[in-house]
Amino acid sequence: MAVRGKMRPPRKRRRKVFTRGMTITLFLFLVLVFIFFCGLLGRIYILNRDHGDAYKKQVFSQQSYTNTILKYRRGEIKDRNETILAQSVRRFDMIIEPRTLLADEEAKTETLAKIAECFSVGTGDIDKLIADNPDSMYQHVDEMKNLTKEQISPFTDAMEKNKKIKGVWFEETFLRIYPLDTIACNIVGFTSSENEGTYGIEGSYNDQLNGKMGREYGYFDANMDFQRTVKKAVNGNSVVLTIDANVQRVIEQQIRKYNKDVGAKNIAVMVMNPNNGEILAMASQNSYDLNNPRDLSRMYTEEEISGMDEEATAQNLMAMWSNFCIASAYEPGSTYKPFTVAAALDEGAIKDSDYFNCAGALKVAGQDIHCSVRTGHGSLSLQQSLMESCNSALMQIGSALGRKNFSKYNTIFGFGQRTGIDLPGETAGLIHKEEDLNPVELATSSFGQTQTVTMVQMLAGFSSLVNGGNYYQPHLVKEIQNENGAVVETVNPVVVKKTISENTSSLIRKYALATVEDGTAKPAGVKGYSIGGKTGTAEKRPVTEKNYLVSFIGCVPAENPQAVYYVIIDEPNVEEQAHSTYATELSAKIMKKVLPFLNIYPDSTAEPEDTAEPDSTAEPDSTAEPEE
């Protein structure tokens with residue numbers, strides 16, 4: 001009997017099984033390939049998303065790709081008469097292309113020789129720069145920055161004539177300069193190397209003065225033709241100030257002259273328009289060259305500078321850059337008395353017809369507080385109380401006003417708070433709170449001691465005393481202009497509040513005029529002008545050292561003020577400091593010279609003495625104009 005073996009599938013069936021297996025294998029292979037390519041594409045996407053710009057730049061750099069920043073021109077700072085105080089002038093930095101020069105040794109030799117000839121320099125550093133950066137197409141030459149157009153013209157002319165001179169070009173940049181050097185230095189401020197404003201208007205209006213960078217994209221094609229796309233830079237706006245450069249110059253000259261003749265710890269002067277808050281001039285003893293703001297030689301001797309460590313140098317620079325008129329607080333003394341009188345009149349605590357008795361001292365809470373005249377003034381009218389600057393009368397007026405109202409008017413006049421002037425660094429001073437105004441503090445505060453103020457606070461408040469009671473916010477910027485000189489923003493006067501009535505203001509003007517004509521401020525008079533004002537002699541702490549800050553605050557013309565001004569001499573270098581005459585005499589010398597510049601002319605047939613004429617030295621050098 002035959003044994004049967006296993007039955008084999010038919011040949012046709014075996015072929016189908018094999019084909020199916022191959023199909024599955026191929027399908028799986030294709031799926032894997034598809035997944036691989038998907039992963040690859042995903043990886044390319046991620047690389048492009050996260051590092052695409054860097055890779056593009058790397059590729060473009062191998063194709064002579066360039067991406068150059070186009071610098072903007074920072075706006076100008078001008079005075080009210082368009083005199084330029086700060087400007088950015090066009091300059092050029094030398095750029096070399098090491099790859100271009102290394103590709104042609106003859107061109108490199110000839111180019112370096114021409115650089116040495118045109119700029120009178122050795123080319124060893126440039127040769128090293130080329131060798132250290134063989135693949136670069138953009139390298140700054142540190143020794144060849146801030147070049148003028150006249151300096152680069154011989155080289156650029158030679159490049160046009162000789163095609164072997166190549167691989168060098170000049171990048172446009174701008175250099176900040178100050179044509180009037182020290183004039184208004186504490187107002188203008190300066191810029192850092194990064195074109196950022198530091199101090200003054202340069203700092204507070206930095207965003208307006210700065211523009212926006214542009215860019216130039218491009219590459220050199222196979223024919224070495226530069227294909228480019230340019231996004232132009234936007235230049236900054238210009239800032240027009242309220243100050244008059246001529247008035248500022250005269251004041252700074254008089255401060256220097258007083259320092260040379262007499263000397264003082266500090267001298268400061270401000271002039272303001274009381275009818276709109278415009279600052280017409282602002283100067284102090286701190287002076288420096290805006291073109292070299294870290295030079296301390298104007299304030300200190302070489303020996304003093306060499307003895308300063310890093311910390312002392314930094315502190316002294318900060319002090320030199322500081323603007324005394326807004327950043328320093330002090331006890332004002334008797335220049336504060338008109339504020340006390342005005343507050344008491346407005347509150348009805350006193351009347352124009354009132355009289356006050358001065359015996360040389362007044363006992364307050366068991367203490368004798370003396371008047372400047374120890375023997376006493378006797379009986380004084382309200383006007384005479386200001387004319388003779390009687391402390392006893394003012395203490396009686398302060399007592400009648402009361403601590404609640406005294407504190408209220410401190411706030412109304414703006415003391416103990418910043419004025420909001422458009423300069424950085426303003427301080428607020430320190431005044432007594434109502435609850436701290438005990439009888440002694442109220443008495444001493446009424447004649448300007450034991451509270452601290454700033455010059456800008458005093459002048460803004462005094463303006464309201466003599467202009468009818470309107471408190472204008474003090475400001476230094478008049479308008480903003482675009483690069484073509486068109487006005488894009490006007491700074492309008494801001495009446496912040498009403499301080500006193502017109503009737504009270506009229507009385508204060510009358511008292512101030514009498515004080516200059518027949519009172520303690522006689523030396524402040526200027527022939528041909530009606531001037532009103534008040535003197536101040538503030539005893540500084542500690543009182544045992546017998547140091548004084550003397551001052552004068554005034555207005556002109558007295559009946560209808562068009563200018564108010566304030567002169568401070570802090571610790572005059574004299575044996576007897578306690579005399580406001582030093583300040584009144586200096587104020588008279590200054591006003592004789594500046595009133596014509598302010599378009600304020602004599603109001604009688606008498607001619608003012610020693611008037612100033614416009615001085616061409618206050619105009620910027622025409623060579624400093626930006627090159628177009």
Side-chain angles (χ1 to χ4, degrees), residues 71-91 146 173-213 233-245 248-249 252 278-284 286-296 298 314 317-327 418 420-427 456 474-483 485 488-489 491 618 620-621 624-626:
K71 298 180 180 179
Y72 58 81
R73 174 183 284 155
R74 187 172 170 90
E76 296 174 337
I77 299 176
K78 312 173 189 178
D79 85 332
R80 66 188 303 113
N81 302 312
E82 301 278 325
T83 300
I84 295 174
L85 304 174
Q87 65 180 168
S88 293
V89 293
R90 196 186 309 274
R91 293 290 184 264
N146 293 324
T173 186
F174 293 96
L175 178 67
R176 196 67 167 170
I177 66 168
Y178 302 89
L180 302 187
D181 299 323
T182 63
I183 300 298
C185 58
N186 297 122
I187 297 173
V188 175
F190 52 92
T191 59
S192 67
S193 56
E194 289 77 30
N195 218 25
E196 291 296 311
T198 304
Y199 294 96
I201 296 297
E202 291 276 32
S204 58
Y205 281 80
N206 186 65
D207 291 342
Q208 286 279 8
L209 291 162
N210 271 348
K212 294 181 180 179
M213 294 288 192
V234 178
N235 293 330
N237 290 328
S238 292
V239 175
V240 180
L241 304 184
T242 60
I243 71 166
D244 186 309
Q248 186 76 25
R249 173 184 54 80
E252 291 182 17
E278 291 183 352
I279 304 296
L280 303 173
M282 175 189 285
S284 67
N286 296 348
S287 176
Y288 60 93
D289 186 351
L290 288 165
N291 293 297
N292 189 12
R294 296 187 177 276
D295 178 15
L296 287 163
R298 286 181 172 270
L317 283 171
M318 295 286 284
M320 183 175 71
W321 298 333
S322 175
N323 186 336
F324 179 90
C325 300
I326 65 169
R418 294 179 178 86
I421 190 172
D422 43 0
L423 279 179
E426 184 184 9
T427 191
V456 69
H475 62 280
L476 276 151
V477 172
K478 189 177 183 67
E479 62 188 27
I480 307 295
Q481 299 175 349
N482 65 18
E483 62 177 305
V488 297
E489 181 182 341
V491 180
D621 187 345
E625 292 293 334

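What you see below is based on every heavy atom in this structure, not just the backbone, and it leaves out hydrogens, waters and symmetry mates.
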From Tyr199 OH over to Asn323 CG, what is the distance, rounded to the nearest 0.5 angstrom? 11.5 Å

Just wondering, do Tyr288 and Leu296 contact through their side chains at under 4.5 Å, heavy atoms? no

Which atoms form the tightest heavy-atom contact between Pro474 and Ile279, and what is the distance? CB-CD1, 4.1 Å

Sub-4.5 Å side-chain heavy-atom contact between Arg73 and Gln87: no

Show the nearest heavy-atom pair for residues Arg74 and Arg176, with the distance to one decimal. O-NH1, 3.5 Å

Heavy-atom pair with the smallest gap, counting every atom of Ser284 and Asn186: OG-OD1, 3.6 Å

Measuring from atom CD1 of Ile183 to atom CG of Asp79, what distance do you get when rounded to the nearest 0.5 angstrom? 11.0 Å

Ala283 to Gln248 - nearest heavy-atom pair and separation: CB-NE2, 3.5 Å

Is there a side-chain contact between Leu476 and Asp422 (heavy atoms, below 4.5 Å)? yes

Looking at Asn210, Leu209, Thr191, which hits side-chain contact (heavy atoms from CB on, under 4.5 Å) with Glu196? Asn210

Do Ile77 and Tyr205 have side chains that get closer than 4.5 Å, going by heavy atoms? no

Could you measure the distance from the CG atom of Leu85 to the CD1 atom of Ile201? Nearest 0.5 Å is fine. 10.0 Å

For residues Thr83 and Leu180, determine if any side-chain heavy atom of one lies less than 4.5 Å from a side-chain heavy atom of the other. yes

What is the distance from atom CZ of Arg418 to atom OG1 of Thr427, rounded to the nearest 0.5 Å? 6.0 Å

Sidechain-backbone polar pair: Asp244 side chain, Leu280 backbone, donor-acceptor under 3.5 Å: no

Rounded to the nearest 0.5 Å, the CZ atom of Arg298 sits from the CG atom of Asn292 at a distance of 9.5 Å

Give me the one residue out of Glu76, Glu82, Glu489 that meets side chain to side chain donor-acceptor pair (under 3.5 Å) with Gln481. Glu82

For the NZ atom of Lys71 and the CE atom of Met213, what is their distance to the nearest 0.5 Å? 6.5 Å

For the residue pair Arg294 and Trp321, establish whether any side-chain heavy-atom pair is separated by less than 4.5 Å. yes

Taking side chain as C-beta onward, heavy atoms only, is Leu290 less than 4.5 Å from Asp181? no

Mind checking whether Asn291 and Tyr178 have side chains closer than 4.5 Å, heavy atoms only? yes

